[in-house]
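Structure first, commentary second.
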Amino acid sequence: MNQKLLKLENLLHFHTVYRYLHSLGQRRTLLQCTHGFSSAYPVWTTQLCVWPWQTDVFIGAALSQYRLLVTKEEKRPWKSQLSSTKSKKEVEVWIGMTVEELATAMEKDIVSLPSGENITFLDTPGHAAFSAMRARGAQVTDIVVLVVAADDGVMKQTIESIQHAKDAQVPIVLAINKCDKAEADPEKVKKELLAYDVVCEDYGGDVQAVHISALTGDNLMALAEATMALAEMLELKADPTGPVEGTVIESFTDKGRGPVTTAIVQRGTLRKGSILVAGKSWAKVRLMFDENGKTINEAYPSMPVGIIGWRDLPSAGDEILEVESESRAREVIDWRKFEQEQEKSKDDLKILEEKRKEHQEAYRKAREKYGTLHWKKRSFIKYLERKEQKPLKPKEKIERDSNVLPIIIKGDVDGSVEAILNIMDTYDASHECQLDLVHYGVGDISENDVNLAETFDGVIYGFNVNASNVLQQSAAKKGVKIKLHKIIYRLIEDLQEELSSRLPCVVEEHLIGEASILATFSVTEGKKKIPVAGCRVQKGQLEKQKKFKLIRKGQVIWKGSLTSLKHHKDDISVIKTGMDCGLSLDEEKVEFQVGDEIVCYEEREVLPKTSWDPGF
């Protein structure tokens, strides 16, 4: 009886929380999480569901527990229809899914988490290339949930997230994760954050700190309640009337539906047929769908929504504005394009002015050099200079061309391409191999990409995109490499290997043996006296067919090969450790001295590695 009352009490408690969350659903309370508990775009809202491009882990966990109490088991499968990512094997995932169920779906036998645990932890990449994602998330949120691991302390991306929150003037709620670990030290985290002006309530500040565990689910409800309390205090509300304002969270191209964006509505009510402008693209909304792929007719503030009807693909982070008509939208787009062209023209003029100054300076120096000379002498000097400038030989031209790597980048969504380009911006090894970005875009690899790669002799890199078998066969015939990846880090590692393969081979010397000169004498052959060194092998062995060098007081004074190698009076090809021998060099002018070292070595060509370090 007591157990039934306890279950009823829990049910009523979760039901109360559910209704409270639902009442806040219409408010514009956006949360951001960094360093953990987030998707590739860590933008959260208080909507009562899990979204494929922004995931509220805490509220999602609470709702999953509520549904489990009500229905005993979540039966309805959930599969995202917003994501354009395709893999070789698709597995259905639903809210409240346990590790055992996921392992069964993936046909895996090993389960690494405790039995019955719900899957609620999502990690974000911490590389600096994803800084733009975190900054964009801070700009569209009203409350930043800063997640810091209790065992790792304050990391670089944590500091960066704090700075983004301060720049956007957004309040912070601190979630200290992994408190279930024995080595966890939450107090150390709080003290480290003091250096970055994040003062918790325990130390007299205004930042709420909640100790949580994503693995066990401890205090997730407390974190959700702390966030909602802060939202209540700040009186975060949005105006559902007036023209629509919002932000593009992600954009991608769908084969059947064309350009698609996922966005957050921040003001107004978005309806079917609305005319929107974002960046240099505009749309007449043909279709809207929610996080479950269900068609909707209206989207209110704080709602995530998928929008179909764009003429071109806007970029992630672009501001969405509603205009009154299509003609007005075209005017806005034309004006923005005109402004961009004007800016580009100004930049081009600056480059032309710099080139003009360089040419004028070169002309002035030429006048000073040849101005006082007679025209015949001036012509003769120019003739000699042209003669010295020899044209490149075919082999030299091939080597020069191989020192350039043209690449084409294609990604599934705009944010992925942005992250890859940000990593490429760190490339600093142009002195080794020049990296040229020929083209980049969103969507599957097309025939135009292959033709472009063939023209520039480049490589196509695809992230979470597909290339048909026919296209891959066509590319193979044209000698074009297509490299597909599902993980950005693997793509960058592949790019590093490709850059390394373009570098000239490095010749390394590998030691075979060492000998010390104990005596010097000369041998008469015909009319010549040939200097001979009496040596004893100290390490390894001496092989007559290999290369040798003579070292005196640490300095190499000769390199070459031997003319003779003898043991007593016998010619021999190999002398091993501890044996004595006499040898003569292929250069008679070199004089031996007692105490010199003879080193036997061989040269091997080794493939070099690029010095570019992307930071992971």
Side-chain angles (χ1 to χ4, degrees), residues 384-404 429 431-434 497 499-611:
L384 293 178
E385 289 178 351
R386 287 194 300 270
K387 192 175 181 181
E388 290 177 357
Q389 296 176 355
K390 298 179 181 179
L392 291 176
K393 297 179 180 179
K395 185 178 180 181
E396 295 175 347
K397 187 176 180 182
I398 291 172
E399 290 178 355
R400 186 191 65 179
D401 293 341
S402 66
N403 213 31
V404 179
H431 59 285
E432 298 174 347
C433 181
Q434 185 177 346
E497 292 177 2
L499 287 166
S500 299
S501 68
R502 300 283 176 126
L503 302 180
C505 291
V506 177
V507 178
E508 292 185 353
E509 295 181 357
H510 288 263
L511 180 68
I512 297 176
E514 293 180 359
S516 58
I517 298 178
L518 304 179
T520 62
F521 51 92
S522 60
V523 176
T524 302
E525 290 185 0
K527 296 182 179 181
K528 292 182 180 181
K529 287 188 176 181
I530 300 174
V532 177
C535 306
R536 178 171 293 166
V537 181
Q538 304 292 341
K539 183 191 298 183
Q541 61 185 25
L542 304 186
E543 300 180 16
K544 186 178 179 180
Q545 303 301 324
K546 303 297 182 181
K547 293 185 176 181
F548 290 80
K549 55 185 176 182
L550 178 63
I551 300 176
R552 180 176 298 159
K553 296 181 180 180
Q555 299 292 328
V556 178
I557 62 174
W558 168 84
K559 280 186 176 183
S561 57
L562 303 181
T563 55
S564 66
L565 179 64
K566 293 187 177 183
H567 180 60
H568 299 301
K569 295 183 179 181
D570 301 327
D571 289 326
I572 195 169
S573 59
V574 177
I575 300 290
K576 297 184 179 181
T577 304
M579 296 177 64
D580 295 334
C581 65
L583 55 85
S584 60
L585 311 181
D586 59 358
E587 188 174 341
E588 298 176 1
K589 296 181 180 180
V590 178
E591 295 181 358
F592 298 111
Q593 292 184 8
V594 176
D596 290 350
E597 293 182 0
I598 295 289
V599 175
C600 177
Y601 68 95
E602 64 176 351
E603 293 180 345
R604 299 177 186 173
E605 289 188 349
V606 180
L607 293 176
K609 296 187 70 174
T610 178
S611 61

Report, one line per pair, each donor and acceptor closer than 3.5 Å where one atom sits in a side chain of residues 508-524; sequence neighbours left out.
residue : atom : partner : partner atom : Å
Glu509  : OE1  : Lys549  : NZ           : 2.8
Glu509  : OE2  : Lys559  : NZ           : 3.0
Ser516  : OG   : Gln538  : NE2          : 2.9

(request) Check each of Gln545, Lys546, Lys547 against Glu602 using the side-chain hydrogen bond (donor to acceptor under 3.5 Å, both in side chains) test, and report the only one that passes. (result) Lys546
(request) Locate the shortest heavy-atom distance separating Ser500 from Lys609; write the atom from each residue and the value. (result) OG-CA, 3.4 Å
(message) Can you confirm whether Ile551 is buried at CD1, in the sense that more than 12 heavy atoms of other residues, nucleotides or ligands lie under 6.0 Å from that atom?
(response) yes
(message) With a 4.5 Å cut-off on side-chain heavy atoms, are Cys433 and Thr610 touching?
(response) no
(request) Enter the distance from Thr577:OG1 to Arg536:CZ here, rounded to the nearest 0.5 Å. (result) 12.0 Å
(message) Counting neighbours of CZ on Arg552 that are heavy atoms of other residues, nucleotides or ligands and sit closer than 6.0 Å, is the number greater than 12?
(response) yes
(message) Let me confirm one number: the CD-CZ distance from Glu497 to Arg502, rounded to the nearest 0.5 Å.
(response) 13.5 Å
(request) Look up atom CD in Glu597 and atom SG in Cys535, then write down how far apart they are to the nearest 0.5 Å. (result) 11.0 Å
(request) Kindly say whether Glu432 contributes a backbone atom to a donor-acceptor pair with the side chain of Asn403 at under 3.5 angstrom? (result) yes
(message) Are Phe548 and Leu585 packed together at the side-chain level, in the sense that at least one heavy-atom pair is separated by less than 4.5 angstrom?
(response) no
(request) Let me see the working for Leu542 and Leu583 under side chain to side chain contact (heavy atoms under 4.5 Å, CB included), right down to the final yes or no. (result) CA-CA 10 Å; Leu542 304 186; Leu583 55 85; 4.3 Å; yes
(request) Can you measure from CD (Glu591) to CD1 (Ile557) and round to the nearest 0.5 angstrom? (result) 9.5 Å
(message) Measuring only between side-chain heavy atoms, which start at C-beta, is Asp586 closer than 4.5 Å to Leu562?
(response) no
(message) Surrounding CD of Glu603 (heavy atoms of other residues, nucleotides or ligands, distance under 6.0 Å), is the total greater than 12?
(response) yes
Listing, residues 564-573 side-chain donor-acceptor contacts under 3.5 Å, not counting sequence neighbours, or none:
residue : atom : partner : partner atom : Å
Ser564  : OG   : Ser584  : OG           : 2.6
His567  : ND1  : Asp580  : O            : 2.8

